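Notes to accompany the following structure.
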2 protein chains.
Amino acid sequence: MLDKSHKNLSCSNCSARKDSIFGNYCECDATDVDDLKSSAYYKKNQPVFLEGSFPRGVYCLNQGKVKIFARGDEGKEQIIHIAKEGEIIGFRSMFSEEPFKVSASTLEECNICFINKEDFLNMIDTNPTLRNGIMKELSKELGDRAMFITNMAQKSVRERLAFSLIILADIYGEEQINLTREDMANFIGTATETLIRLLKDFKEEGILEIHTRKLEITNKEKLFKIAGK
Amino acid sequence: MLDKSHKNLSCSNCSARKDSIFGNYCECDATDVDDLKSSAYYKKNQPVFLEGSFPRGVYCLNQGKVKIFARGDEGKEQIIHIAKEGEIIGFRSMFSEEPFKVSASTLEECNICFINKEDFLNMIDTNPTLRNGIMKELSKELGDRAMFITNMAQKSVRERLAFSLIILADIYGEEQINLTREDMANFIGTATETLIRLLKDFKEEGILEIHTRKLEITNKEKLFKIAGK
DNA sequence: CTGAAAAAATGACAATCGTCAGTTATTGTA
DNA sequence: TACAATAACTGACGATTGTCATTTTTTCAG
């Protein structure tokens, strides 16, 4: 799937297209986008964009996962979102005309396409369906973040871990969850040591199996119960 | 300022208009909006819209403050945002075509105008400047919420209190902060008792004065220091 | 103005969770 | 394949913060 050559990615046969806002909302010809975009291969742990910089365009994930994170006062990462195949990232700051408030970095090898700011804004202006899709996306995410804030504020670390594992299982789909303990702790909002201890608890409770880095959920029911609701 | 008659609020002489998205982004005649909107007086602690219901339009605050909050699993409120004069609320779920994920309730007596869903969407479609303003607003708020999540996850309650007091002081402007201890605790994400204890600490440290319900910040510098950054 | 209801405040106590310091295991590369 | 670097894990300990129970103060309606 991964194309290190940077060359032959095409929207028309993009495997991520069906999950993408382009696939869902845009009647425009895939080849229209094809002509505008460039594509690139990213190594693991490579930055896509950085907090403080100004957006030059948007990124469309063809393959691989990307973490979106903010930094707290002492520089500690807080992962806000993990984007997967088909997602477009980096367009929020384009609309707000502010520098990025978050950074993005690959969690694994990725193929990522890039569409220029002007081209993308032009598409938005001339294509109401795409535009509505984007607005829908922005609004949906605002709702998600309200829930995220509420979980952070009201749930215990144990509950948040259960909740986050459900989300991660969904993101990773058929694959096993594959994150460093530090990244996972930064997603849940806790110390790495606390996360490790809780994972051990969950393992002993028969909720998951730990294959070093990779996690296999074996009892999702229990997770739902612990997460609450 | 408050108009209990529901009758004579007009966009052209709306005192909140300069702070509003209409004032900032929309070249359209104020009277255009005037014809579409209806206005109403709300008592203190009156719901504006409720989580789970579907939006019928948007609300524009002419006078007074409104809390936007989600509910955790045990029904505990988490205040996500406090909206003041000039703000438009309730339009996010209109775009996402989902039921509201948050509720809104007045914190004091309010005058609130209402614009119908169809009328508002029509304005958005036909007025690119307004539309861009809305998109800018949505994007900006997403950035703010990323920071909110980070603060919740990484700061201590004491730091969050300091941080929140700065935000609240900004929202209340010339007025003194005027919230129940419970609402304030639900904004900061802590127990009411913890908040009360910390407010006492802050008072003893000469940071603020407590006039029963109302809080007067006397040393903002110290707050910044405690809040971090 | 008064009494009931709501809100604010206080005290005691325990559990969760973060920090620090150190060990073991894994990974990637020369 | 070995070794250096990184990540995972363990233990000890204390501070922060939530909970529960109770008292005091404030608010508001009649």
Side-chain angles (χ1 to χ4, degrees), chain A residues 43-46 67 72-78 105 107-109 150-164 176-204 208-215 226 228, chain B residues 43-46 67 72-78 105 107-109 150-164 176-204 208-215 226 228:
Chain A
K43 291 185 292 195
K44 190 176 173 175
N45 293 323
Q46 198 178 328
K67 66 175 170 182
D73 298 336
E74 276 96 45
K76 198 187 173 194
E77 289 184 9
Q78 175 61 43
S105 182
L107 288 168
E108 47 194 65
E109 291 186 294
T150 308
N151 283 339
M152 280 292 175
Q154 299 189 1
K155 283 189 199 296
S156 68
V157 177
R158 185 180 153 87
E159 290 167 333
R160 294 210 298 270
L161 172 57
F163 192 85
S164 300
Q176 291 185 6
I177 297 167
N178 186 2
L179 279 174
T180 67
R181 296 290 186 265
E182 193 180 357
D183 276 338
M184 204 179 297
N186 289 342
F187 184 47
I188 291 159
T190 188
T192 309
E193 297 94 324
T194 304
L195 168 75
I196 288 170
R197 281 179 245 267
L198 285 171
L199 281 178
K200 199 178 159 193
D201 290 350
F202 278 17
K203 180 184 161 192
E204 281 162 8
L208 48 79
E209 274 172 36
I210 300 177
H211 308 121
T212 318
R213 170 80 50 96
K214 293 183 179 172
L215 300 181
I226 295 168
Chain B
K43 290 185 290 192
K44 191 175 172 173
N45 295 322
Q46 199 178 327
K67 65 175 171 182
D73 298 337
E74 276 96 45
K76 196 186 174 195
E77 289 184 9
Q78 176 60 43
S105 182
L107 289 168
E108 47 194 65
E109 291 185 294
T150 309
N151 283 338
M152 278 293 175
Q154 299 190 1
K155 284 189 199 295
S156 68
V157 177
R158 184 180 154 88
E159 290 167 332
R160 295 210 298 272
L161 172 57
F163 192 85
S164 300
Q176 292 186 3
I177 297 167
N178 186 2
L179 280 175
T180 67
R181 296 290 185 266
E182 193 180 357
D183 276 337
M184 205 178 297
N186 289 341
F187 185 45
I188 291 159
T190 189
T192 309
E193 297 93 324
T194 304
L195 168 75
I196 288 170
R197 280 178 245 268
L198 284 171
L199 280 179
K200 198 177 159 194
D201 290 350
F202 278 17
K203 180 184 160 192
E204 281 162 7
L208 49 79
E209 274 172 36
I210 300 176
H211 307 121
T212 318
R213 169 79 50 96
K214 292 183 181 173
L215 300 181
I226 295 168

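In what follows, chains carry the letters A, B, and so on, assigned in the order in which the sequence lines appear, proteins first and then strands, with residues in each chain numbered from 1. Predicted model, so just to flag it, every value in this text is computed and none were measured.
- Taking atom NZ of residue B/Lys155 and atom P of nucleotide C/dG18, one finds them 16 Å apart after rounding to whole Å.
- Distance CD (A/Gln154) to C1' (C/dT16): 17 Å, rounded to an integer number of Å.
- Bracketed by its first and final contacts, the part of DNA chain D lying under 4.0 Å from non-hydrogen atoms of chain A reaches from D/dA7 to D/dA12 in 5' to 3' order.
- A distance-only check finds a donor-acceptor pair linking the side chain of B/Glu159 to the backbone of B/Ser156 [under 3.5 Å].
- Spacing between atom NZ of A/Lys76 and atom C1' of C/dT19 amounts to 11 Å, rounded to whole angstrom units.
- Under the salt bridge (Lys or Arg N to Asp or Glu O under 4.0 Å) test applied with A/Lys67, the options A/Glu182, A/Glu108, A/Glu77 reduce to a single match, A/Glu77.
- Contact of the B/Leu179 side chain with the B/Arg213 side chain is not registered, since no non-hydrogen atoms from C-beta on lie closer than 4.5 Å.
- Summarising the geometry, the separation between NZ on B/Lys203 and C1' on C/dA9 is reported as 11 Å, rounded to the nearest angstrom.
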Practice item. Verify side chain to side chain contact (heavy atoms under 4.5 Å, CB included) between B/Glu209 and B/Lys203, making sure each step is shown before the conclusion. Key: CA-CA 6 Å; B/Glu209 274 172 36; B/Lys203 180 184 160 192; 5.9 Å; no

Check your understanding: When you look at B/Ile226 and B/Phe163, which way does the side chain to side chain contact (heavy atoms under 4.5 Å, CB included) test go after all the steps?
Key -> CA-CA 8 Å; B/Ile226 295 168; B/Phe163 192 85; over 6 Å; no

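- At whole-Å resolution of the value, NZ in B/Lys44 and C1' in C/dA6 are 12 Å apart.
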Exercise for review: Please step through side chain to side chain contact (heavy atoms under 4.5 Å, CB included) for the pair B/Thr150 and B/Lys155, ending with a clear verdict.
Suggested key: CA-CA 8 Å; B/Thr150 309; B/Lys155 284 189 199 295; over 6 Å; no

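- Taking for each of A/Ala153 and A/Arg213 the nucleotide of DNA chain D with the nearest heavy atom, the 5'-most of the two is the partner of A/Arg213.
- Residues of residues 184-200 of chain B that place a heavy atom closer than 4.0 Å to DNA chain C, in numerical order, are B/Glu193, B/Ile196, B/Arg197, B/Lys200.
- Judged purely by atom type and a 3.5 angstrom limit, B/Arg160 uses its side chain to pair as donor or acceptor with the backbone of B/Gly189.
- Counting to the nearest Å, the C1' atom of C/dT27 and the NE2 atom of A/His211 are 18 Å from each other.
- Side-chain atoms of B/Gln46 come within 3.5 Å of backbone atoms of B/Lys43 as a donor-acceptor pair (strictly under, hydrogens ignored).
- For the pairing with B/Asn186, the side-chain contact (heavy atoms from CB on, under 4.5 Å) check across B/Arg181, B/Lys76, B/Gln78 returns one residue only, B/Lys76.
- Between A/Lys214 atom NZ and C/dT26 atom P there is a gap of 14 Å when expressed in whole angstrom units.
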